[in-house]
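Below: the structure, in structure tokens.
Counting starts at 1 for both ligands and their atoms, in listed order.
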Amino acid sequence: MLTVHHLERSRSHRILWLLEELAIEYKLEIYQRDPKTMRAPPSLRALHPLGKAPLVTVDGLVLAESGAILEHLVERFGEGRLRPAAGSPEAVQYRYWLHYAEGSLMPPLLVRLITETLKKAPAPFFIRPLVRAIAGKIDAGFTSAELAAHSGFIEEALAKQPWFAGAAFSAADVQMSYPVMALVEGGRGGGAAMPNASAWLARIKARPAYQAAELRGGPNGSPG
Ligand SMILES: N[C@@H](CCC(=O)N[C@@H](CS)C(=O)NCC(=O)O)C(=O)O
């Protein structure tokens with residue numbers, strides 16, 4: 001039996017969604033975030049030393065890292081679905097976006113989450129302006145320009161084709177869903193309009209499998 005260890009409102013929605021797309025049966029274990037810190041519960045550490053979601057147990061293995069899990073599940077259960085044919089130009093794009101989501105796009109999004117948290121964090125009144133100034137400097141010197149560049153890059157990619165790997169929906173779209181939602185719906189892209197990414201988000205949310213994953217695992221999206 002395949003088990004998905006799913007943390008509420010997290011990246012692990014992607015795994016549920018992929019399995020719904022493939023119509024593969026799975027057992028679902030749902031974990032709640034700590035209401036104060038929003039961190040995962042320690043029980044996830046019993047499965048994997050880093051204690052992060054998603055985790056999947058299958059064939060006697062514990063799998064971590066969402067892109068690696070998606071690739072493994074598509075290879076193991078996909079029977080050719082949700083990935084371009086090996087050796088095709090689309091397969092190159094597919095691999096690129098599968099890695100780009102966590103490797104390039106998530107880091108500046110995480111920095112933005114930290115600077116936003118710092119700006120709102122309770123602090124003694126005499127320290128507050130300093131904390132805000134430091135967070136503002138990080139954003140001005142790094143985060144804002146990085147996220148604007150990523151937003152433009154994604155807009156350009158989706159202007160050429162409806163899905164990240166080309167004309168067909170694939171697991172690369174599943175992997176890109178979490179950071180693109182943070183950029184567009186979380187307002188972390190700097191406020192510039194992203195019509196192509198917004199239209200793509202509407203297309204993914206209209207998919208029955210996306211909706212089925214939300215019915216089983218709860219609403220998608222980052223908690224912060
Ligand atoms: N790059 C990893 C990131 C895993 C990760 O950071 N997961 C978050 C959920 S969105 C988590 O478990 N956060 C809770 C915590 O770190 O305590 C992946 O894509 O699987």
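For atom 13 (N) of ligand 1, the nearest non-hydrogen atom of the protein is L7 CD2, 4.1 Å. What sits closest to atom 14 (C) of ligand 1 on the protein, heavy atoms only, is A40 N, 3.5 Å. The shortest contact between atom 7 (N) of ligand 1 and any protein heavy atom is with A53 O, 2.8 Å. The nearest protein atom to atom 2 (C) of ligand 1, hydrogens excluded, is given as E65 OE2, 3.1 Å; this is a heavy-atom distance. In this structure, atom 16 (O) of ligand 1 lies nearest to the protein heavy atom K52 NZ, 2.6 Å.
Salt bridge status for K119 with D139: present, with a side-chain N to carboxylate O gap under 4.0 Å. Classification of E102 and R14 as a salt-bridged pair holds, one side-chain N sitting under 4.0 Å from a carboxylate O.
Between atom 17 (O) of ligand 1 and the options Q175, E8, R39, the minimum heavy-atom separation is to R39. With distances taken over non-hydrogen atoms, the option nearest atom 8 (C) of ligand 1 out of R14, R9, R11, M38 is R11.
Between the side chain of S12 and the backbone N or O of L7 there is at least one donor-acceptor pair closer than 3.5 Å. Between the side chain of H13 and the backbone N or O of N220 there is no donor-acceptor pair closer than 3.5 Å. A side-chain donor-acceptor contact under 3.5 Å links R81 to the backbone of L22.
For ligand 1, the atoms sitting less than 4.0 Å from at least one non-hydrogen atom of Y178 are 10 (S), numbered in the order shown with element in parentheses. Using a 4.0 Å cut-off to heavy atoms of S10, the atoms of ligand 1 that qualify are 9 (C), 10 (S). Applying the 4.0 Å criterion to heavy atoms of P54 picks out, from ligand 1, the atoms 20 (O).
Considering backbone and side-chain atoms together, S66 places an N or O closer than 3.5 Å to an N or O of ligand 1. For the pair G51 and ligand 1, the shortest N or O to N or O distance does not fall below 3.5 Å.
Between Y31 and H5, the side chains place a donor N or O and an acceptor N or O closer than 3.5 Å (distance only, hydrogens not considered). Looking only at atom types and distance, the side chain of Y26 has a donor-acceptor partner in the side chain of E20 under 3.5 Å away.
Under 4.0 Å from ligand 1, the heavy atoms of E102 that appear belong solely to its side chain. Residue contacts with ligand 1 for L44 are absent, since no atom lies close enough (heavy atoms, distance under 4.0 Å). Counting heavy atoms closer than 4.0 Å to ligand 1, residue R33 contributes side-chain atoms (C-beta onward) but none from N, CA, C or O. The residue H6 has no part lying near ligand 1, judged by heavy-atom distances below 4.0 Å.
The two residues L98 and A172 come nearest to each other via the heavy atoms CD2-CA, 4.2 Å.
Cation-pi check for R207 over W17 is not met; the charged atom does not lie both under 6.0 angstrom from the ring centroid and within 45 degrees of its normal.
Between E71 and E65, the closest side-chain pair of non-hydrogen atoms is not below 4.5 Å.
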